[in-house]
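Along the sequence shown, residues carry numbers from 1.
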Amino acid sequence: MLSLIRALAFTPLLVKALDGPQSNPTTSRTWEESSVQADAFIARLNLTEKVTLLMGHQTGPCVGNIQSLPSQNFSGLCLQDGPLSDRSTDLASVFPAGLTAAATWDKDLIYQRALALGYEFRGKGSHVFLGPVAGPLGRHPLGGRNWEGFSTDPYLTGVAMAASVRGVQEAGVQACAKHFIGNEQETARTTISSNIDDRTMHELYLWPFADAVKANVASIMCSYNRLNQTYTCEHPELLNGLLKQELGFKGYVVTDWAAKHVTVRSIEAGLDMTMPGGDLSDLNVPSTNTGTSFGQDLLRAVQNGTIAETKVDEMARRVLAPYFYLGQNEDFPSVDPSNAYVLGTINARLQAAISEYGPDIPLARDVRDDHAKLIREIGAAGTVLLKNTNNTLPLSQPANIGVFGNDAADVSEGLYQSNSGEFGADIGTLSVGGGSGTGKLTYVISPLSAIRARAQETGARVQYLLDNEVIASENLRSIFPPPDVCLVFLKTFASEAVDRRFFENDWNSTVVVETVAQNCPNTVVVTHSAGVNTMPWAHNPNVTAILAAHFPGQESGNSIVDVLFGDVNPSGRLPYTIPESEEDYDLPTVNITADTQETDLSAWQADFTEGLLIDYRHFDSKNITPLYEFGYGLSYTTFSFSAPLEVTSKASGLSAFPSSSRNSSSNVSSGGNPDLWKEVLVLHTSVSNDGDVAGAQAVQLYVALPEDTAPPNTPMRALRGFEKVTLEPGESKDVEFVLLRRDLSFWDVAAQDWQIPQGEFTFSAGFSSRDLKESFLDHIL
């Protein structure tokens, strides 16, 4: 049986990526056919059975559970965290974080990561992958969950969202895009109102969710926060309006866990499923609770005529259509036994598993396959080389290597990243953040262990000092003779439910770097971090190289050693901006003093008055020079453009507004008005590798709308294309960017539609947001 499950889980799918609601490659079934199948299933159910499809069951084995209906041969649904691992099970891989994936700027690697995750979820019997993440987008550089998502740029995040949805769902697992929307801080996340204007909503925060819907995402999770004073899970203009009508979303909306407030109001607004739910045995028992009991409230609302049963049918159809569309009714593996015990105490977990599954069942199915290779590759590809004075890197067989910092060590507090402490564990490498976005590691390769293994091959000596407190006290007496190179490993922890308070790396990082650099003129700093950090030591002449390695997952040490010693030429690029000082961002989270209760809704207001101008757009608008700009990254070779940027039109007679009306449901498909997704321009250039080392470059395209006709507070430039190109020494390759109507438009608030402005556009190709090699001006209309 287990071998059959492995075969089902890991059979390669040689299919083309989905693009909207087309045929599902695993079943050759269309979304419309799946909806018909769902309707036939629903017709056999009574009202109580329909309601069981819409509410979680807290006593099930998964993070979220939809109860089975044995009479209908329906085994239920298992919803599982999270964005980088099947969190609640054993013998599952822990992949690099979304932030790391975005730092690769590699569409194929992002897709392959999602496909492998999908296979693992399927192998564990998990129907729903609670990810990918586009909210938070990263408005606040210290946001506690920024690392779970991809980038502060909506275009880069949108591409990653679409690739991730396709990868997960091609493995036969439902993707759940989250957290929708405005969940940009963890502080008071269940109370804060994110007050976002219409244009900012469309061009910034809604943009990547539109990409997910276009990729036919199965479900979307509404968030904890309020949007413009109304909770997102009961916001009709958001769920029924923007999501289901404007974007044409055909799947189901599920709450974040315990994010529902008032049942009827939520259902009328467009909510379809609530989590984690309650006890199904109480469904037909009258409830005195008017707000929190979803099942009882829904039954009562139908029985008294407040909600029509046809509305329940529609909700159930949205839940079941993805189940049939992805073929989950056909030979889907059972839920993995380890779901029943992995998060409890050891004895209780073991007894629970034996009681439920019998003494002979394996405690977990191993779904990791050979994914460690992919994890190692992504971890290296997502490492950004920020500084490399005098070609310090790659290391050329140093005879004496010094390793410093608590992030270099083997983990000391177990293989599951808990939420304890603001900065996580003291001693031990940080490969992933905390909270529901984490994963249960079966192992993690620390930097020190990987460096020692590499040094053993060459006969090099490795000295190390891992206690930051000892280093900060300048007690380096044990390090002798002086190392040829000193590798300092820093970390910055982040977790759900709390935002970071400091821009610098954790654990007295600045003193640690300065102390080592004072004693070592060849100091290399590596950061494993949840995102944006200030680096007060970056200009220190003894700090000769800096690497931002983000959260690389279980192969952490191997990934960084591959880069340090030149087995992999670093090609990561920053998916955010690193400032010279924290004041350069000037966008703190809303955090009211303890004098105000968190439940005081009127007090917790986050006004997004900066509009579209976050991250590099903010730095551009204020003419602030960053330490390292968005899209920046160095290589062990050099690249140049070997041809000018040429623009070719693919559409003639363009009008300022799309020809199809957004208000006509007949003209809206998944992703919204199909005219927005039509190809308008193609841009060509050529890139050469001028060095003597093979390497990859992320070629980036930025678009500036006409200054005279674009609305106020339009960004100076915005990312609208990127391609990762791998080149041998002396080789050149052509690069093509295809721009859609949406890429050249702004949201016209008065017209309530996307508009292409009249006038000259500027197209700039380059290797970062401020390293732009070519420009071209043209009239689009």
Side-chain angles (χ1 to χ4, degrees), residues 54-58 60 62-66 77-84 87-88 98 126-137 143-149 161 174-194 205-206 208-209 212 217-227 230-235 238-239 242-243 249 251-263 265-267 269-278 291-294 315 318-319 419 433-438 495-499 598-599 601 604 606:
L54 311 177
M55 59 177 290
H57 185 37
Q58 286 186 318
C62 302
V63 170
N65 307 272
I66 293 297
L77 295 176
C78 170
L79 291 74
Q80 289 284 64
D81 296 322
L84 53 71
R87 177 176 70 95
S88 299
S126 302
H127 299 85
V128 182
F129 166 82
L130 295 176
V133 174
L137 184 65
R145 302 187 80 171
N146 291 355
W147 59 275
E148 294 184 31
M161 289 291 286
Q174 300 178 38
C176 177
K178 63 180 189 179
H179 306 85
F180 192 72
I181 198 166
N183 188 176
E184 293 297 318
Q185 67 174 62
E186 291 298 285
T187 305
R189 62 180 179 172
T190 62
T191 306
I192 194 78
S193 177
S194 297
Y205 299 102
L206 189 64
F209 283 102
V217 68
S219 62
I220 287 181
M221 181 189 294
C222 54
S223 53
Y224 285 120
N225 57 283
R226 294 176 295 147
L227 174 70
T230 301
Y231 281 106
T232 66
C233 293
E234 55 187 43
H235 201 307
L238 176 64
L239 302 183
L242 289 180
L243 184 58
F249 174 59
Y252 59 93
V253 177
V254 58
T255 65
D256 203 338
W257 269 228
K260 180 193 69 66
H261 291 266
V262 180
T263 297
R265 195 156 62 208
S266 297
I267 291 171
L271 181 67
D272 301 300
M273 180 190 291
T274 186
M275 282 291 164
T292 59
S293 179
F294 185 85
M315 297 162 67
R318 286 179 173 273
V319 169
N419 291 337
S436 63
T438 193
S495 176
E496 178 183 10
V498 61
D499 295 308
E598 187 171 317
T599 54
L601 298 186
W604 290 94

I'd like to know if the side chain of [X] reaches the main chain of [Y], judged simply by a donor and an acceptor atom lying under 3.5 Å from each other, with no hydrogens or angles considered.
X    : Y    : value
K178 : L130 : yes
S219 : G251 : no
E184 : L137 : yes
D256 : S223 : no
D499 : T187 : yes

Kindly give the heavy-atom pair with the smallest separation between [X] and [Y], and that separation in Å.
X    : Y    : answer
G437 : P83  : CA-CD, 3.8 Å
F294 : T263 : CA-OG1, 3.5 Å
M161 : A177 : CE-CB, 3.7 Å
A175 : P132 : CB-CD, 4.3 Å
T255 : C222 : CA-SG, 3.6 Å
S88  : Q80  : CB-NE2, 3.9 Å

pair [X]-[Y]: side-chain heavy atoms closer than 4.5 Å:
X    : Y    : result
L77  : V319 : yes
T191 : L601 : yes
R265 : Y231 : no
W257 : V63  : yes
N146 : P136 : yes
R189 : N225 : no
L271 : E234 : no
C233 : K260 : no

Rounded to the nearest 0.5 Å, how far does [atom2] of [Y] lie from [atom1] of [X]?
X    : Y    : atom1 : atom2 : answer
E186 : Y224 : CD    : OH    : 9.0 Å
I220 : L243 : CD1   : CG    : 4.5 Å
T190 : W604 : OG1   : CH2   : 9.5 Å
I192 : L227 : CD1   : CG    : 12.0 Å
D81  : F129 : CG    : CZ    : 9.5 Å
I66  : C78  : CD1   : SG    : 11.0 Å

So, R145 and S436: side-chain donor and acceptor under 3.5 Å apart, yes or no?
->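 Short answer, yes.
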Disulfide (SG to SG under 2.5 Å) against C176, all qualifying residues, sequence neighbours excluded |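 Per chain and number, C176 pairs via disulfide (SG to SG under 2.5 Å) with no residue.
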Once the angle between the rings of F180 and F209 is folded into 0 to 90°, is it parallel (under 30°), tilted (30 to 60°) or perpendicular (over 60°)?
->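 Plane angle over 60°, so perpendicular.
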